[in-house]
Amino acid sequence: MTQSIVTPSTSTAAELIARSNRLGQDKKNTNYAGGNTSAKGNAIDPVTGENIELLWVKGSGGDLGTLSEKGLSTLRLDRMRALVDVYPGVEREDEMVAAFDYCLHGKGGAAPSIDTAMHGLVNANHVDHLHPDSGIAIATAKDGRELTAKIFGHKVAWVDWRRPGFQLGLDIARIKEENPQAVGCILGGHGITAWGETSEESEANSLWIIDRAASYIKDHGASEPFGAVVAGFEALPESERRSRAAALAPTIRGLASTDKPMVGHFSDDGRVLDFLSREKLAPLAALGTSCPDHFLRTKVKPLVLDLPASASVEEQIARLQELHVKYRADYQRYYETHKNENSPAMRGADPLIVLIPGVGMFSYGANKQTARVAGEFYLNAINVMWGAEALSTYTPISDEEKFRIEYWALEEAKLQRMPKPKSHAGRIALVTGAASGIGKAVAKRLAAEGACVVIADLDLAKAQDAAAELGDTDVAVGVAANVADANAVQAAIDEAVLAFGGLDLIVNNAGLSLSKSLLDTTEADWDLQHDVMAKGSFLVSKAAAKVLIEQKLGGDIIYISSKNSVFAGPNNIAYSATKADQAHQVRLLAVELGEHGVRVNGINPDGVVRGSGIFASGWGANRAATYGVDEEDLGQFYANRTILKREVVPENVADAVYVLTGPELTRTTGLHIPVDSGVAAAFLR
């Protein structure tokens, strides 16, 4: 056998991937993971040696901008088109998705999407289905059919709204046959589809439809489609609105997490702020989004605060709580009205989008990327409403149709296929002193377990570099934090809640040490160490506790104390005394914060030499001199005096943080765990 199985390395599929990436990387063309593209081409069947026609199409759940070989489905076109002969009708069209599996060619690749029929049945070599804001604006206009004819003439056809599926593929294929001059169509309430005989032609036709729609809206649309600015609803100055956003974020996250914990994202994009200031805000928001990709990620409508930006934080919080109760009741009513005996259980009644006039938009999801993308989708929806209102009247699909997609059996099956979340998924951690040593190891472990991590350090550049090592800003961010300064601590907490929506897990790790005898320890030495560790931990815990209490989601506070909090060693009075202070803070806060579901625990490491910022800054040399050993042998010296004779490294402390904050010890608070390989003199009694 000389012919290998066909892969997307063939020129046709390679062209498709390149076209998809170009289209998907430009947000004017389509939203994240929205739309799909395809190409048809010939290949040799490696089993029969016959020349066969294949369909390559973006698979289910992928993103055009980052599409690669593994994101494509490859199907035998003859078998896929033969499904027309066994199609049981629109009432049973969901069954056709399973039938696509019997049309696949070769192994690997992505699962075929619901839109596969559109791509296979349309008689064109290349097909693009996209969700551009400009195209959806025409698709959701009350007189969208007439606007389509006016804007595009005979080159673009109109397709009435139909839920994605096999029948929609048949409809578009028929419309193309009936309109040979057409290069694409507007899908009512949904998006656009374009085609071409070459990849270049399909891409050009897609871009022409998108740009033509955008130009027409710009040239012929009303200048203020959202109406006049409402007094008091204008955007606050940047520093003021971000301060207000940080003050509101814990409350809003708690409301959005009533059914299950959510991570948040904040946006004060100018287009969002303008929409929130206009007189049509309430009626348009109440209509909800229209494109399926939008409302699957934003819910059918947002929660909108109906108070001006001049209202106090307390007034806004009280009103948000009232509106949340109403929102949940409305969503329950929406579910009960449209459900049937086969509908999946309601997935939650909390909002995913919360709009605060003068301040901005909060969006929520199971993780940071999902939360951020939800916000991006609602911004797409704002753009759509703007365009539709500029030319006509925004008219989204009905709530009944939205429900049919939101609680579609195929959508439920997709959700059930998602991997089980990691132990710390959905949790937001702030680790102080995390640019190096123990703190960095803790941050790395928590991120690996699914947490969003805020790396706080005195050196902002180092904090940001350490965060970048963990991933992009959906995973970790770096912030400056002088833990001895209350204002700096509050600023770091504010940055954390704006980055991820709130806080769940705080690790008081920032520290330093000076190894001196009593007589050599100065008042400045004493104050410095107590300011950073005893006072610093107090300030961080106090500021963080306000967030945890307001969220009503519980949480964890961890103190990285020391074996020296209970062990009396020579020449470290200031360090050991402040570690004893931290150790007792654990007990005190465990008692005080327990009623709020907040657990407070401590870890007592010892001899963490390798990778330690404290030891590298001179403490190691001083301790080595105290014990009469070479500094390079200090780690082994500490290990040799332990019961287990094993050196302690930062990752061992990180393991303890993971266990204390994971799902197994949910009834444990006020505990100190030694991580010292066994120092009998430091046993807790």
Side-chain angles (χ1 to χ4, degrees), residues 242-243 245-247 249-250 252-253 257 261-266 362 364-365 367-369 371-372 422 424-511 536-537 539-548 550-551 553 555-560 598 613 654 657-658 661:
R242 292 186 70 82
S243 176
I252 299 174
R253 184 190 181 214
S257 301
M262 291 285 182
V263 175
H265 175 74
F266 173 71
F362 292 88
Y364 295 91
N367 53 54
K368 172 64 177 186
Q369 184 198 47
R372 174 178 54 77
K422 295 180 179 179
H424 287 59
R427 306 202 74 197
I428 302 159
L430 182 143
V431 186
T432 65
S436 62
I438 290 173
K440 188 173 184 179
V442 169
K444 183 178 180 180
R445 179 63 190 272
L446 293 175
E449 299 299 337
C452 300
V453 181
V454 180
I455 290 183
D457 201 89
L458 189 61
D459 189 318
L460 175 60
K462 290 182 179 179
Q464 292 173 333
D465 288 344
E469 290 180 30
L470 299 183
D472 60 23
T473 54
D474 287 341
V475 175
V477 297
V479 302
N482 177 0
V483 297
D485 183 314
N487 291 330
V489 167
Q490 188 60 57
I493 296 292
D494 288 351
E495 285 192 65
V497 299
L498 289 180
F500 296 116
L503 281 174
D504 299 296
L505 196 167
I506 294 85
V507 181
N508 279 309
N509 170 75
S537 296
L539 291 176
V540 171
S541 295
K542 180 180 179 180
K546 293 177 183 177
V547 176
L548 299 178
E550 184 61 33
Q551 288 176 153
L553 299 173
D556 287 280
I557 299 177
I558 299 291
Y559 279 67
I560 306 299
V598 177
V657 174
Y658 159 71
T661 59

### Message
Would you say that Asp474 contacts Asn367 through its side chain, given a criterion of any heavy-atom pair below 4.5 Å between the two side chains?
### Response
no

### Query
Does the side chain of Tyr559 come within less than 4.5 Å of Val507's, by heavy atoms?
no

### Query
Quick check: does any side chain N or O of Arg427 sit under 3.5 Å from a backbone N or O of Thr661, one acting as donor and the other as acceptor?
yes

### Task
Give the C-alpha distance, both sets of side-chain angles, the deciding distance and a yes or no for side chain to side chain contact (heavy atoms under 4.5 Å, CB included) between Phe266 and Arg242.
CA-CA 9 Å; Phe266 173 71; Arg242 292 186 70 82; 3.9 Å; yes

### Message
Contact between Leu548 and Ile506 at the side-chain level, heavy atoms closer than 4.5 Å - yes or no?
### Response
yes

### Task
Work out which heavy atom in Arg253 is nearest to a heavy atom in Gly426; give both atom names and the distance.
NH2-O, 3.2 Å

### Query
Sequence neighbours excluded, which residues qualify as ring-ring contact (aromatic ring centres under 6.0 Å, His included) partners of His265?
none

### Any Asp485 side-chain heavy atom under 4.5 Å of Val489 side chain
no

### Summary
When Val431, Leu470, Ile455 are each screened for side-chain contact (heavy atoms from CB on, under 4.5 Å) with Lys444, the one that passes is Leu470

### Query
Between CG of Leu430 and CD1 of Ile557, what distance do you get to the nearest 0.5 Å?
11.0 Å

### Message
Holding to side-chain hydrogen bond (donor to acceptor under 3.5 Å, both in side chains), I want the full list of residues that pass it with Glu550, two or more places apart in sequence or in another chain.
### Response
Thr251

### Backbone of Gly433 reached by a side-chain donor or acceptor of Asn509 within 3.5 Å
yes

### Message
Checking the side chain of Asp504 only, and the main-chain atoms of Ile428 only, is there a donor and an acceptor separated by less than 3.5 Å?
### Response
yes

### Task
Give the minimum heavy-atom separation between Ala466 and Ala434, together with the two atoms involved.
CB-O, 4.1 Å

### Query
Can you check whether Ala456's main-chain N or O pairs, donor with acceptor, with Thr432's side chain at less than 3.5 Å?
no

#### Entry: Pairwise distance CZ(Arg372) to CZ(Phe500) - rounded to 0.5 angstrom
11.0 Å

### Message
Closer than 3.5 angstrom, by distance alone: can the side chain of Lys368 be matched with the main-chain N or O of Ala499 as a donor-acceptor pair?
### Response
yes

### Val263/Tyr364 under side chain to side chain contact (heavy atoms under 4.5 Å, CB included): CA gap, chis, key distance, verdict
CA-CA 6 Å; Val263 175; Tyr364 295 91; over 6 Å; no

### Any His424 side-chain heavy atom under 4.5 Å of Leu505 side chain
yes

### Side chain Gln551, main chain Leu503, donor-acceptor under 3.5 Å
yes

### Message
Contact between Asn508 and Ser541 at the side-chain level, heavy atoms closer than 4.5 Å - yes or no?
### Response
yes

### Exercise: identify the closest heavy-atom pair between Gly365 and Ala371
N-CB, 3.5 Å

### Task
Kindly give the heavy-atom pair with the smallest separation between Ala447 and Val475, and that separation in Å.
CB-CG1, 4.1 Å

#### Entry: Backbone N/O of Lys462 and side chain of Asp459: donor-acceptor pair under 3.5 Å
yes

### Task
For Asp494 and Ser243, test the side chains for any donor-to-acceptor distance below 3.5 angstrom and give the result as yes or no.
no

### Message
I need the Glu449 CD to Tyr658 OH distance, nearest 0.5 Å.
### Response
4.5 Å

### Task
To the nearest 0.5 angstrom, please state how far the CD atom of Glu469 sits from the CD atom of Gln464.
13.0 Å

